[in-house]
Amino acid sequence: MRSIRAAATGAVTLSLVLAASACGGGSSTGGGSNDSPKTLTYWASNQGASIEIDKKVLQPELDKFEKQTGIEVKLEVVPWSDLLNRILTATTSGQGPDVLNIGNTWSASLQATGALLPWDAQNFTKIGGKDRFVDSALGSTGVPGQDPAAVPLYSMAYALYYNKQIFADAGIAKPPATWAELVADGKKIQAKGKQVLGAEGANVSENIHHVFVFAKQHGAEFFTADGKPDFTNDGVVAAVKQYVDLMAKDKAIPAGNAEYAQNQSVSDFAKGKTAMLLWQSAAANLKSQGMSEDAYGIAPVPVQSGTPGTGTQVNSMVAGINLAVFKNTDNLDGATQFVKFMTSDEEQKILNKAYSSIPPVKAAQADATFTAPANAVLKDTLARSAAALPQVPDESQFETAVGTAVKELFADAAAGRAITTESVKAKLEKAQQQMPAK
């Protein structure tokens, strides 16, 4: 999911939605109608540096679609801080858009509401076939073994962005490949009066993305094989502690970043205050803030040792945005046409280039636009060393509960309170107690 969003604080309400999944957004059987064939409403997520930038990117493409089909698309760009709550409200009220963007990590949770159109073989055929999409993107579209709840639209991966001049001034020849190297480099950077690593410590979703990767690197999972939360196992506790210790012990993350939740770490990096940044597909965002592409390099996110890969060498979650259709749409045919348009080879090139993301459509991903060195790191990460967040119905509550626990730990670290194995485990125990009872 796109990391420019703020915390989706209302995800805990999803349990109420699941209890009433037959009430909103259409029933679990059947589909929408074609009662309003000339209009569509579309909720787009805030992908660019501002909502206005998104409108400038999207509106020409929506005008193009209207010219081709005669269907007017009414666009609303929804901030990440509001998007999940807006969607959950729509699933219970039935008053939602026809088509909407969802963070790919929400796919299984929203699938469980029964409000979204399933993308079975027949529906995929209408948009050119399921095999047009890369496997890693399809892996974050819903519960394995069920028809996807959405279609991949933008793919992203985390990378390590580093300021070339700050590195040169500190005598650092290459970006760190391991966390130990990052901490060691940090001491050289601090000696030159610069901050080391930016983070969004108050953004629960950013927190989840990073501790998920650390857990993978510790050989741990947040859920058991049958989908039950297991937040206090030794590997998860060690993973969360290692991430928070980047502030608490290693002093690599500045204490002030404990309060960041609105992309301030990106701005700090763009302004040359911070040497490194862990972010998803940041090029367009950095460019919009005046940072030249020549000023920074892009490298894989560090691992514990060795090189990125599968298993304990995972260094990114599979990030991205999916496109979903509400079952109770009044323009089912038009909504399907719109999904086909947005995932066409040509539109995939246009949109993903605008957002510096990677097309989840194979043919578009092969275009020369996405073979530049910067994109090569992201593509390689998605292909070789990224893993999907747990595709379980309780994923949204997991993001809120554990992400908030990490936020509180960062606040403790910033205040100078000790971060111990016991204090981390206590926060994670509290988070696990907040999960729906099985």
Side-chain angles (χ1 to χ4, degrees), residues 1-8 10-11 25 40-62 65 73-91 96-111 113 115-117 119 127 133 137-138 140-142 148-156 205 209 280-281 284-285 317-327 329 331 334-344 347-348 350-361 364 389 395-396 399:
M1 163 180 317
R2 185 71 168 179
S3 61
I4 76 165
R5 66 189 172 117
L40 287 172
T41 54
Y42 173 40
W43 286 358
S45 51
N46 177 200
Q47 298 301 122
S50 70
I51 287 176
E52 289 307 312
I53 287 175
D54 283 315
K55 290 178 180 178
K56 290 179 181 178
V57 170
L58 293 171
Q59 194 57 56
E61 307 314 307
L62 305 187
F65 176 74
V73 181
K74 298 177 180 179
L75 171 68
E76 181 179 358
V77 181
V78 184
W80 278 108
S81 55
D82 300 332
L83 184 58
L84 183 56
N85 283 339
R86 291 277 301 276
I87 295 171
L88 296 179
T89 300
T91 62
D98 300 292
V99 186
L100 71 159
N101 289 5
I102 65 172
N104 65 354
T105 66
W106 302 338
S107 296
S109 295
L110 295 176
Q111 182 180 45
T113 69
L116 302 182
L117 179 75
W119 286 88
I127 63 170
F133 299 88
L138 289 171
S140 294
T141 54
V151 174
L153 181 62
Y154 312 129
S155 288
M156 287 163 268
S205 298
H209 298 168
Q280 303 174 30
S281 306
N285 199 331
M317 45 86 73
V318 177
I321 306 300
N322 293 340
L323 199 58
V325 174
F326 263 100
K327 269 187 177 180
T329 174
N331 190 356
T336 305
Q337 288 182 64
F338 184 63
V339 173
K340 182 177 182 179
F341 172 80
M342 294 288 280
T343 59
S344 66
E347 286 302 310
Q348 282 286 288
I350 293 169
L351 294 171
N352 283 279
K353 181 179 180 180
Y355 291 129
S356 68
S357 48
I358 303 297
V361 171
L389 262 72
E395 198 283 332
S396 293
E399 285 197 27

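Small disclaimer: the values here were computed from a predicted structure and weren't measured.
- Closest heavy-atom contact between G334 and N331: N-OD1, 2.8 Å.
- For A149, the side-chain contact (heavy atoms from CB on, under 4.5 Å) criterion is met by Q111, L116, not counting sequence neighbours.
- Heavy atoms only, all atoms of each residue included: S205 and E399 are closest at OG-OE1, 3.3 Å.
- Residues satisfying the ring pair (Phe, Tyr, Trp, His ring centres under 6.0 Å) test with F338, not counting sequence neighbours, are Y42, F65.
- Evaluation of the side-chain contact (heavy atoms from CB on, under 4.5 Å) rule for D98 yields L40, T41, T329 as partners, not counting sequence neighbours.
- Counting heavy atoms from C-beta outward, T91 and F326 have side chains that approach closer than 4.5 Å.
- Of all heavy-atom pairs spanning P79 and I51, the tightest one is CG-CD1, 3.8 Å.
- When the side chain to side chain donor-acceptor pair (under 3.5 Å) test is applied to Q337, no partner is found at least two apart in sequence or on another chain.
- Minimum heavy-atom separation, G103 to I321: CA-CD1, 4.4 Å.
- Side chains of Y154 and P360 form no contact here, defined as non-hydrogen atoms less than 4.5 Å apart.
- Between M317 and S140 there is no side-chain heavy-atom pair separated by less than 4.5 Å.
- Looking at residues two or more places apart in sequence or on another chain, you find a side-chain contact (heavy atoms from CB on, under 4.5 Å) between A150 and I102, N322, A324.
- Looking at heavy atoms from C-beta onward, L117 lies in side-chain contact with W119 at the 4.5 angstrom threshold.
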Legend entry - Intermediate values then yes/no, side chain to side chain donor-acceptor pair (under 3.5 Å), D54 and Y355: CA-CA 9 Å; D54 283 315; Y355 291 129; 2.7 Å; yes

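- With sequence neighbours excluded, the residues forming a salt bridge (charged side-chain N to carboxylate O under 4.0 Å, His left out) with K55 are E52, listed by chain and number.
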